[in-house]
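Quick caveat, the model's predicted, so the values are computed rather than measured. These numbers come from the heavy atoms of this one structure, side chains and all, not from hydrogens, waters or symmetry mates.
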Amino acid sequence: MTLLTDAPSIPSTIPAIPVVSIAERAERLDTAGSAWSERITADPSAAKLTFRASGIAEGSVATTIRAGKHRFVVDEPSALAGDDVAASPVEYALGALISCQVVVYRLYARALGIRLLDIAIEAEGDLDARNLLGLDDTVRPGFSAVRLTITLTGPESAERYEYLRDVVDAHCPVLDLFQNPTPVTATVRKG
């Protein structure tokens with residue numbers, strides 16, 4: 001069963017993203033890269049970061065997530081008992097992968113002197129719902145495969161962009177989460 005639609009509506013609550021020139025982006029990437037490099041060189045423990053998020057169940061199966069100063073909602077389509085007011089957890093996972101790739105493409109294109117004017121990424125993930133629904137514990141509950149289609153626009157050769165892809169794949173934190181097991185511990189508390 002396909003739970004996705006081809007033309008999802010975009011809610012009007014998406015914040016406006018500022019328009020940034022290529023020169024300003026380059027300056028911001030250089031400044032951030034230099035500051036982090038100096039900080040980590042002075043104190044290698046500064047490279048160890050901890051990210052936090054928290055969530056509260058709402059509605060039928062939705063969750064309101066807080067991450068830093070940001071708040072967003074995760075839900076499920078009606079076919080999975082949701083109210084369909086936001087993307088599903090697995091769609092957010094694909095979105096996290098896409099957005100991390102964009103950051104790392106921009107970072108390494110700048111660092112390697114590879115001219116990159118634009119990036120567009122599409123992601124597809126295959127998920128067999130039998131495990132989720134308790135029908136077959138032999139199938140994986142998560143994605144069995146993920147496919148990315150990355151369109152890089154700019155004046156470089158295809159070979160140069162393939163090299164950039166290799167570098168990005170070696171350094172993208174969210175791609176690493178998809179490709180490698182990460183230890184997860186959970187503690188259940190009575191409220």
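Of the inter-residue distances, the one linking Phe178 atom CZ with Leu94 atom CG reads 5.5 Å to the nearest 0.5 angstrom. Distance CG/Leu152 to CG/Asp118: 9.0 Å, rounded to 0.5 Å. In this structure, CG on Leu97 lies 9.5 Å from CZ on Phe143, to the nearest 0.5 angstrom. Atom CD of Gln101 is separated from atom NE2 of His171 by 12.5 Å, given to the nearest 0.5 angstrom. Rounding to the nearest 0.5 Å gives a distance of 14.5 Å between OG1 of Thr31 and CH2 of Trp36. Remark: Glu76 CD to Thr63 OG1 distance equals 9.0 Å, nearest 0.5 Å.
Between Tyr161 and Ile150, the closest side-chain pair of non-hydrogen atoms is not below 4.5 Å. Side-chain contact between Val20 and Arg28 is present, with at least one heavy-atom pair separated by less than 4.5 Å. Side-chain contact between Tyr163 and Ile114 is present, with at least one heavy-atom pair separated by less than 4.5 Å. Side-chain contact check for Thr151 versus Ile119: every heavy-atom pair is 4.5 Å or farther apart. Counting only heavy atoms from C-beta outward, the side chains of Phe51 and Leu49 approach each other to under 4.5 Å. Inter-residue side-chain proximity for Asp128 and Arg140 is flagged as unmet; no heavy-atom pair is nearer than 4.5 Å. Taking the side chain as every heavy atom from C-beta outward, Cys172 and Val104 approach each other to under 4.5 Å. Residues Arg52 and Thr50 have side chains in contact (heavy-atom distance under 4.5 Å, counting atoms from C-beta outward).
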*Test Arg71 against Thr64 for side chain to side chain contact (heavy atoms under 4.5 Å, CB included), laying out the working first.*
CA-CA 7 Å; Arg71 178 182 171 271; Thr64 297; 3.3 Å; yes
*asked:* Applying side chain to side chain contact (heavy atoms under 4.5 Å, CB included) to Leu164 and Arg160, what does each step give before you reach the verdict?
replied: CA-CA 6 Å; Leu164 178 59; Arg160 195 89 163 114; over 6 Å; no
_Using side chain to side chain contact (heavy atoms under 4.5 Å, CB included), reason through Val61 and Leu80 one step at a time and then give a plain yes or no._
CA-CA 9 Å; Val61 296; Leu80 288 175; over 6 Å; no
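Closest heavy-atom contact between Ile65 and Ala53: CG2-CB, 4.3 Å. For the residue pair Asn131 and Pro141, the shortest heavy atom distance occurs at OD1-CB, 3.6 Å. The heavy-atom pair separating Ser78 from Asp84 by the smallest distance is N-CB, 4.2 Å. Of all the heavy atoms in Thr41 and Ser37, the pair that sits closest is OG1-O, 2.7 Å. Closest of all the heavy-atom pairs between Glu156 and Arg115 is OE2-N, 2.9 Å.
In this structure, Arg39 places its CZ atom where more than 12 heavy-atom neighbours from other residues, nucleotides or ligands lie under 6.0 Å away. In this structure, Phe72 places its CZ atom where more than 12 heavy-atom neighbours from other residues, nucleotides or ligands lie under 6.0 Å away. In this structure, Leu133 places its CG atom where more than 12 heavy-atom neighbours from other residues, nucleotides or ligands lie under 6.0 Å away. The neighbour count for Glu122 CD, taken as heavy atoms of other residues, nucleotides or ligands under 6.0 Å away, does not exceed 12. When the shell of 6.0 Å around CD of Glu27 is examined, it contains 12 or fewer heavy atoms from other residues, nucleotides or ligands. At most 12 heavy atoms of other shown residues, nucleotides or ligands fall within 6.0 angstrom of atom CZ in Arg66. Within 6.0 Å of CD1 in Ile17 there are 12 or fewer heavy atoms belonging to other residues, nucleotides or ligands.
Linking Ile, Leu, Val, Met, Phe, Trp and Tyr whenever their side-chain heavy atoms come within less than 4.5 Å puts Val102 and Leu112 in one cluster. Under the 4.5 Å side-chain heavy-atom criterion for Ile, Leu, Val, Met, Phe, Trp and Tyr, Val74 and Leu127 are members of distinct hydrophobic clusters. Val168 and Leu175 fall within a single hydrophobic cluster, where Ile, Leu, Val, Met, Phe, Trp and Tyr side chains are chained together by heavy-atom contacts under 4.5 Å. Grouping the Ile, Leu, Val, Met, Phe, Trp and Tyr side chains by contacts below 4.5 angstrom, directly or via other members, places Ile98 with Tyr105. Under a hydrophobic clustering in which Ile, Leu, Val, Met, Phe, Trp and Tyr are joined whenever their side-chain heavy atoms come within less than 4.5 Å, directly or via other members, Val174 and Val167 fall into the same cluster.
Remark: the backbone N or O of Ala87 is not paired with any side-chain donor or acceptor of Asp75 at under 3.5 angstrom. Between the side chain of Asp43 and the backbone N or O of Ser45 there is at least one donor-acceptor pair closer than 3.5 Å.
With no hydrogens or angles considered, a side-chain donor-acceptor pair links Glu91 and Ser88 at under 3.5 Å.
Arg165 has a carboxylate O that lies under 4.0 Å from a charged side-chain N of Asp169, or vice versa, which qualifies the two as a salt bridge. For Arg130 and Asp137, the salt-bridge test fails: no basic side-chain N is under 4.0 Å from an acidic carboxylate O. In summary, Arg110 and Asp30 engage in a salt bridge, as defined by a charged side-chain N under 4.0 Å from a carboxylate O.
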